[in-house]
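Read through the structure below, which is laid out as structure tokens, and then see the notes.
Basis for what follows: all heavy atoms, side chains included, without hydrogens, waters or symmetry-related copies. Reminder, nothing fancy here: chain letters follow the sequence lines and each chain counts from 1.
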Protein chains: 2
Amino acid sequence: MATIKDVAKHANVSVATVSRYLNKKGYLSKEAEQKVKEAIGALNYKPNSVARSLYHKTSKMLGLVIPDITNPFFPELARAVEDVALTYGYTVVICNTDEDIDKEKHYIEALKSKYVDGLIIATHELSEKDYLDLGIPLVMLDRTIGEAIPSVRSNNREGAKLGTKYLIEQGCQFIAHVRGPLTIKTAYDRYLGFKDVVDQHQTRHEIVESAFDIDESKQKILKILNEYPEIDGIFTSSDVMAVGALKATQSLGLHVPEDIQIIGFDGIPLGEMLIPSLTTISQSIYKMGTLACRLLIKQIEKKPLEELHFVLETELKIRETTRGE
Amino acid sequence: MATIKDVAKHANVSVATVSRYLNKKGYLSKEAEQKVKEAIGALNYKPNSVARSLYHKTSKMLGLVIPDITNPFFPELARAVEDVALTYGYTVVICNTDEDIDKEKHYIEALKSKYVDGLIIATHELSEKDYLDLGIPLVMLDRTIGEAIPSVRSNNREGAKLGTKYLIEQGCQFIAHVRGPLTIKTAYDRYLGFKDVVDQHQTRHEIVESAFDIDESKQKILKILNEYPEIDGIFTSSDVMAVGALKATQSLGLHVPEDIQIIGFDGIPLGEMLIPSLTTISQSIYKMGTLACRLLIKQIEKKPLEELHFVLETELKIRETTRGE
DNA sequence: ATATTGTATGTAACCGGTTACATGAAGTGA
DNA sequence: TCACTTCATGTAACCGGTTACATACAATAT
């Protein structure tokens with residue numbers, strides 16, 4: 001690989017001149033410009049970003065910290081983040097934490113020592129202080145943590161209200177809610193929304209807790225359906241859980257939506273692929289990703305943020321696991 | 001951030017001594033070791049990997065080049081690659097090319113100038129020569145390209161034979177095959193396997209081509225089912241396409257597997273989530289990923305490879321879109 | 001004529017590590 | 001005692017860029 005010195009020698013100028021040409025900074029004569037341009041072409045010179053990073057203490061890399069890349073919600077998000085990052089010349093490094101605090105720390109440490117320019121965090125392993133102490137631009141995505149770190153998330157409570165209300169409108173008399181782990185704010189808000197509506201309507205309901213995992217969700221639902229066969233509606237905290245619900249009802253020989261109606265949350269493409277396709281509270285996943293990435297880049301480029309916290313509205317996507325209009 | 005100089009000053013030794021401590025290389029007295037250890041603790045010093053990279057021309061980063069992260073096959077693969085990479089201390093950078101040659105070139109260029117240690121390529125945008133000219137360790141994953149670059153893939157032809165044979169065994173008389181783009185070797189091999197069996201059994205068949213995309217696959221299948229309503233079996237080149245097939249048959253009011261049987265290819269988790277769950281030719285996706293990553297790291301560490309090309313066997317996973325035993 | 005300003009370029013220090021080499025002390029054998 | 005090895009440590013060059021600063025010349029102002 002050719003270095004800037006090789007180019008300088010080939011063009012008969014100093015490295016400073018070549019650098020000025022590369023960065024279009026400072027004075028540069030037409031002749032020098034021409035000579036350098038030629039030399040670069042002749043040697044197929046590409047500037048070395050590591051050397052550049054060392055001096056500038058930046059890397060044009062963004063970290064995206066997610067709990068599980070095999071959960072389809074996250075690749076969707078990653079895709080959005082990447083699309084924006086690319087247009088601004090950044091490379092995205094995706095980090096799977098598996099909700100493992102050590103793995104998360106390890107990754108963040110590794111990225112920091114590579115001068116990562118900023119992080120988008122879609123996990124909740126560390127405390128607000130831990131994140132702030134990193135001293136690099138941050139955005140919380142999907143999950144929030146305190147006021148100081150800019151965030152992008154859906155209006156989870158309203159979304160959950162939307163879904164629960166719809167189940168009641170469609171005639172559900174006894175609704176089960178599969179909520180996510182209590183430690184996850186997102187899941188908690190959805191639970192609150194559910195609670196708002198069933199309380200208001202005095203609808204009979206049961207709540208079970210499960211990880212965002214098909215099998216666990218299926219087992220929990222089997223158990224509760226066994227206990228309360230009268231349940232005629234299920235509202236889950238995520239689409240992946242709704243798949244578990246679908247599996248459970250199917251294995252019990254129940255018909256969806258005739259015997260029991262199901263609504264998920266997220267709006268991942270998977271929902272449409274299911275048969276019956278999944279009625280869900282759809283988040284603007286792609287928009288969340290792009291917004292988060294833009295917010296991060298704004299911080300990196302030290303532009304002022306007019307707003308720190310963004311809450312996106314959700315939308316009820318009526319498909320086949322509810323009785324429809 | 002503390003630097004090695006700060007540590008040296010704090011410990012009253014030279015930077016060389018600190019470096020020797022960090023790398024456990026060269027002679028080091030017990031006292032010096034103790035002093036350095038203390039200084040590192042006191043300053044919370046973390047070595048800077050950029051500086052290290054600049055000298056060593058390595059980065060402990062691996063690139064994983066994939067066409068589309070929202071296709072669930074790839075996150076699964078990424079997960080496997082990452083798991084292995086992590087145990088060897090490497091960070092994985094995932095690059096989505098969108099099958100866009102410029103995007104792929106741009107990414108690879110960016111990674112190279114960051115001293116990426118090696119690449120796992122699961123696309124087919126560039127030529128063998130282009131890849132080899134990069135002068136860094138490579139592994140082709142899922143797709144192969146010439147003999148010189150080590151590769152890991154499934155026995156696609158045998159897999160396709162397995163699936164096609166099973167459809168015939170289950171009574172299919174007229175099978176449609178949705179094949180992937182001709183330019184993709186993987187898809188071509190599956191097509192060949194299909195052809196082998198239908199020719200041998202003199203089974204009536206039709207072939208359509210589609211991208212690895214649900215909607216396109218659905219449209220193509222609707223069209224061919226319209227033309228040949230007698231079709232009673234569909235073998236698709238991927239699970240994602242099989243979802244399209246399922247959607248198509250459903251929209252025509254056909255019952256699966258009673259009226260028409262469907263077999264996919266890949267074995268992504270999605271298949272199990274579908275209702276009916278998808279019979280498929282399952283690849284050992286996780287194994288492919290780990291194997292590819294190990295192969296790459298072996299090259300990076302300049303260990304000899306006993307074997308260059310790995311072909312993994314596939315497995316027929318009988319689920320609900322075929323009539324079963 | 002001299003001072004001032006704008007243009008153009010080169011030298012060398014710096015970013016934060018690694019390591020070749022020099023130096024010196026302590027221990028061993030002849 | 002001297003030569004030689006082993007151990008311990010420091011100095012400085014190097015990786016490949018960037019940029020502060022010095023220098024030099026031409027054009028303009030005074």
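- One can place NZ of A:K57 at 13 Å from C1' of D:dT18, the figure rounded to the nearest angstrom.
- Closest approach to the A:L54 side chain among D:dA12, C:dG16, C:dG17 is made by C:dG16 (side chain taken as heavy atoms from C-beta onward).
- Residue pairs meeting the salt bridge (Lys or Arg N to Asp or Glu O under 4.0 Å) criterion with at least one partner in residues 110-133 of chain B, sequence neighbours excluded, are B:K129-B:D133.
- Residues forming a side chain to side chain contact (heavy atoms under 4.5 Å, CB included) with B:T87 (at least two apart in sequence, or on another chain): none.
- Following rounding to the nearest Å, B:D6 (CG) and C:dC15 (P) show an atom-to-atom distance of 10 Å.
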Quick test: give all pairs of protein nitrogen or oxygen and nucleotides 27-29 of chain D nitrogen or oxygen below 3.5 Å, distance rounded to 0.1 Å.
none

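- With axes fitted over five pairs at each extremity, the angle between the ends of the helix from C:dA1-D:dT30 to C:dA30-D:dT1 is 60° (10° resolution).
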Name every donor-acceptor pair, under 3.5 Å, that has one atom in a side chain of residues 61-78 of chain B and the other anywhere in the protein, sequence neighbours excluded.
unit_1	atom_1	unit_2	atom_2	d
B:D68	OD1	B:T70	N	2.9
B:D68	OD1	B:T70	OG1	2.7
B:D68	OD2	B:T70	OG1	3.2
B:N71	OD1	B:F73	N	3.1

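- Atom NZ of A:K30 is separated from atom P of C:dT9 by 11 Å (rounded to the nearest Å).
- Only A:A32, listed by number, bring a heavy atom of residues 31-42 of chain A to less than 4.0 angstrom from any atom of DNA chain C.
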Using atom names, set out every protein N or O paired with an N or O of nucleotides 22-26 of chain D below 3.5 Å, distance rounded to 0.1 Å.
none

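- B:V13 comes within contact range of the sugar-phosphate backbone alone, with a heavy-atom separation under 4.0 Å but no base atom that close.
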Could you go through residues 49-56 of chain A and list every donor-acceptor pair under 3.5 Å that involves a side-chain atom there, pairing it with any protein atom two or more places apart or in another chain?
unit_1	atom_1	unit_2	atom_2	d
A:S49	OG	B:S113	O	2.9
A:S49	OG	B:S113	OG	2.2
A:S53	OG	A:S49	O	3.2
A:S53	OG	A:T58	O	2.6

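- Position along DNA chain C of the nearest nucleotide to A:G26 versus B:K25 favours A:G26 as the more 5'-ward residue.
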Polar atoms only, N or O, under 3.5 Å: list the protein pairs with nucleotides 3-7 of chain D and their distances.
unit_1	atom_1	unit_2	atom_2	d
D:dC7	OP2	B:Y27	OH	2.7

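- By the 6.0 Å and 45° rule, A:K57 does not stack over the aromatic ring of A:Y115.
- Partners of A:K302 under the side chain to side chain contact (heavy atoms under 4.5 Å, CB included) rule, at least two apart in sequence or in another chain, do not exist in this structure.
- As a whole-Å value, the separation of B:Y115 OH from D:dC15 P is 10 Å.
- Separating the NZ atom of B:K5 from the P atom of C:dA13 is a distance of 13 Å, rounded to the nearest angstrom.
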Just the table, please: protein N/O against nucleotides 20-26 of chain C N/O, every pair under 3.5 Å.
none

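- When the C1' atom of D:dT19 is taken as reference, atom CD1 of A:I4 falls 11 Å away, rounded to whole Å.
- For B:S29, a side-chain nitrogen or oxygen approaches OP1 or OP2 of D:dT9 to under 4.0 Å.
- The list of salt bridge (Lys or Arg N to Asp or Glu O under 4.0 Å) pairs with a residue in residues 25-43 of chain B, not counting sequence neighbours, reads B:K30-B:E33.
- Checking the phosphate oxygens (OP1, OP2) of C:dT18, a side-chain nitrogen or oxygen of B:N23 falls inside 4.0 Å.
- Between the NE2 atom of A:H56 and the P atom of D:dG16 there is a distance of 18 Å, rounded to whole Å.
- As a whole-Å value, the separation of B:R52 CZ from D:dG17 P is 21 Å.
- A:K46 and A:N48 form no side-chain donor-acceptor contact under 3.5 Å, judged by distance and modelled atom types alone.
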